[in-house]
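Input: a single structure, listed below in structure tokens.
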Amino acid sequence: MGFLDKFEQSVERAVNSTFSKVFRSEIKPVDLASALRREVDDRAASVDRTRTVVPNDFTIELSEADFAQIESWGAETLADELAINVTDYAASQHYAFVGPVVVSFELVDTLDAGRFQIRSASVRGNVAPATTNTPSSRHPLLDIDGQRYLLTGPVTVIGRGTEADIVVDDPGVSRKHLEIKVTSNGVIATDLGSTNGLYVEGHQVPAATLLDGNSLTIGRTRIMFWTGVADDTQRGDW
């Protein structure tokens with residue numbers, strides 16, 4: 001069995017597991033997942049020898065009947081599952097995003113039941129899912145409890161609140177806890193007046209210029225920072 005066959009089966013198991021007993025529409029979640037994968041492949045654009053960018057914002061247009069069916073059985077959950085599968089597929093193909101992956105549904109009353117269309121776009125955000133282990137000084141990488149993010153914007157806010165660019169599920173983290181700013185003079189982490197503070201390499205600091213391999217702690221959450229530019233002489237400047 002080839003890789004694509006295995007991927008198709010894994011998509012069907014992951015996406016259909018929750019919805020297989022409740023979906024009675026002609027459209028199945030696995031159909032949507034496969035179509036999103038094709039959309040990613042069709043819209044892939046090479047920006048240099050090592051980086052191929054694909055869309056990260058997807059709108060699935062549905063008939064009234066199909067839209068009502070998906071709304072009835074949990075559109076938000078299904079959208080999240082589809083976004084995860086798009087991210088996993090992009091990682092397998094070494095594609096890159098310029099912002100977070102978002103999937104949404106839209107009712108189009110001219111569509112017949114069982115028919116759907118996909119619109120996609122590359123929408124820049126402050127962070128994007130990391131589909132590679134290779135960071136750069138332009139796009140540093142954060143590893144937060146095993147989840148990896150590329151810093152694709154100049155300023156990234158990390159916190160417990162939904163308004164943060166990266167949301168951390170940790171009661172010890174403030175709603176807006178930490179700001180990470182990518183500048184021409186380095187990457188600067190700044191505590192945003194949080195309750196429990198910012199720790200870099202075990203030291204509580206108001207702000208720090210980060211170096212490759214630095215470890216940050218907010219609440220009980222550990223964050224690893226990578227730029228791919230190692231400096232063995234020091235670990236952070238605070």
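Using modelled atom types, no side-chain atom of Asp57 and backbone atom of Ala121 make a donor-acceptor pair closer than 3.5 Å. Looking only at distances, a side-chain donor or acceptor of His177 sits under 3.5 Å from a matching main-chain atom of Gly197. Without hydrogens or angle criteria, Ser72 side chain to Gln69 main chain gives no donor-acceptor distance under 3.5 Å. Judged by distance alone, the side chain of Gln204 and the main-chain N or O of Leu198 form no donor-acceptor pair under 3.5 Å.
Between Gly213 and Met224, the shortest heavy-atom distance links the atoms O-CE, 3.4 Å. Counting all heavy atoms, side chain and backbone alike, Asp191 lies closest to Leu178 at N-CD1, 4.5 Å. The minimum heavy-atom distance linking Asp170 with Arg220 is given by the pair OD2-N, 2.8 Å. Nearest approach of Phe97 to Ala128, heavy atoms of both residues: O-CB, 3.7 Å. Closest heavy-atom contact between Asn133 and Arg148: OD1-NH1, 2.8 Å. Residue Gly125 comes nearest to Pro100 through the heavy atom pair CA-CD, 4.1 Å, listed as atom of the first residue, atom of the second, then distance.
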Requested in this report: Please assess Glu64 against Leu107 for the test side chain to side chain contact (heavy atoms under 4.5 Å, CB included), listing each intermediate value before the final yes or no.
Outcome: CA-CA 6 Å; Glu64 184 175 358; Leu107 188 157; 4.2 Å; yes
Query raised in the report: Which is it for Thr52 and Ser46 under the side chain to side chain contact (heavy atoms under 4.5 Å, CB included) test, yes or no, and what are the steps along the way?
Result: CA-CA 4 Å; Thr52 300; Ser46 297; 3.4 Å; yes
Report task. Evaluate side chain to side chain donor-acceptor pair (under 3.5 Å) for Arg115 paired with Ser63, printing each intermediate quantity in order. Result -> CA-CA 7 Å; Arg115 300 291 298 271; Ser63 70; over 6 Å; no
Report task. Would you check, one step at a time, whether the test side chain to side chain contact (heavy atoms under 4.5 Å, CB included) holds for Asn214 with Glu201? Result -> CA-CA 7 Å; Asn214 274 156; Glu201 297 297 322; 3.4 Å; yes
Query raised in the report: Taking it one step at a time, do Ile158 and Leu142 satisfy side chain to side chain contact (heavy atoms under 4.5 Å, CB included)?
Result: CA-CA 11 Å; Ile158 302 173; Leu142 299 182; 3.8 Å; yes
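Side-chain contact between Val182 and Pro140 is present, with heavy atoms from C-beta onward closer than 4.5 Å. Under the 4.5 Å side-chain criterion, counting only non-hydrogen atoms from C-beta, Phe58 is in contact with Val101. Residues Tyr89 and Val54 have side chains not in contact (no heavy-atom distance under 4.5 Å, counting atoms from C-beta outward). Looking at Tyr149 and Ile166, their side chains come closer than 4.5 Å, going by heavy atoms from C-beta outward.
By the rule that hydrophobic residues join a cluster once side-chain heavy atoms approach within less than 4.5 Å of another member, Tyr95 and Ile118 end up as members of one cluster. Both Leu78 and Ile60 are assigned to one and the same hydrophobic cluster, defined by single-linkage of ILVMFWY side chains at heavy-atom distances under 4.5 Å. Linking Ile, Leu, Val, Met, Phe, Trp and Tyr whenever their side-chain heavy atoms come within less than 4.5 Å leaves Leu36 and Leu111 in two separate clusters. Val205 and Val187 fall within the same hydrophobic cluster, where Ile, Leu, Val, Met, Phe, Trp and Tyr residues are linked whenever their side-chain heavy atoms come under 4.5 Å apart, directly or through other members. In the hydrophobic clustering of this structure, Val173 groups with Ile144; members are Ile, Leu, Val, Met, Phe, Trp, Tyr whose side-chain heavy atoms approach within less than 4.5 Å, directly or through other members.
Atom CD in Gln93 sits 12.0 Å away from atom CG in Asp88 (nearest 0.5 Å). Here the CZ atom belonging to Arg175 is positioned 13.5 Å from the CG atom belonging to Leu192, to the nearest 0.5 angstrom. Here CG of Leu141 is found 5.0 Å from CG of Leu150. Values are rounded to the nearest 0.5 Å. How far CZ of Phe116 is from CG of Asp66: 9.5 Å, rounded to the nearest 0.5 Å. Atom CG of residue Leu211 and atom OG1 of residue Thr227 lie 7.5 Å apart, to the nearest 0.5 angstrom. Expressed to the nearest 0.5 Å, how far CG of Leu216 lies from CG of Asp143 amounts to 12.0 Å.
Every pair passing side chain to side chain donor-acceptor pair (under 3.5 Å) that includes a residue from residues 119-130 is listed here, sequence neighbours excluded: Glu39-Ser120, Arg43-Ser120, Glu61-Arg119, Glu106-Arg119, Asn126-Asp165.
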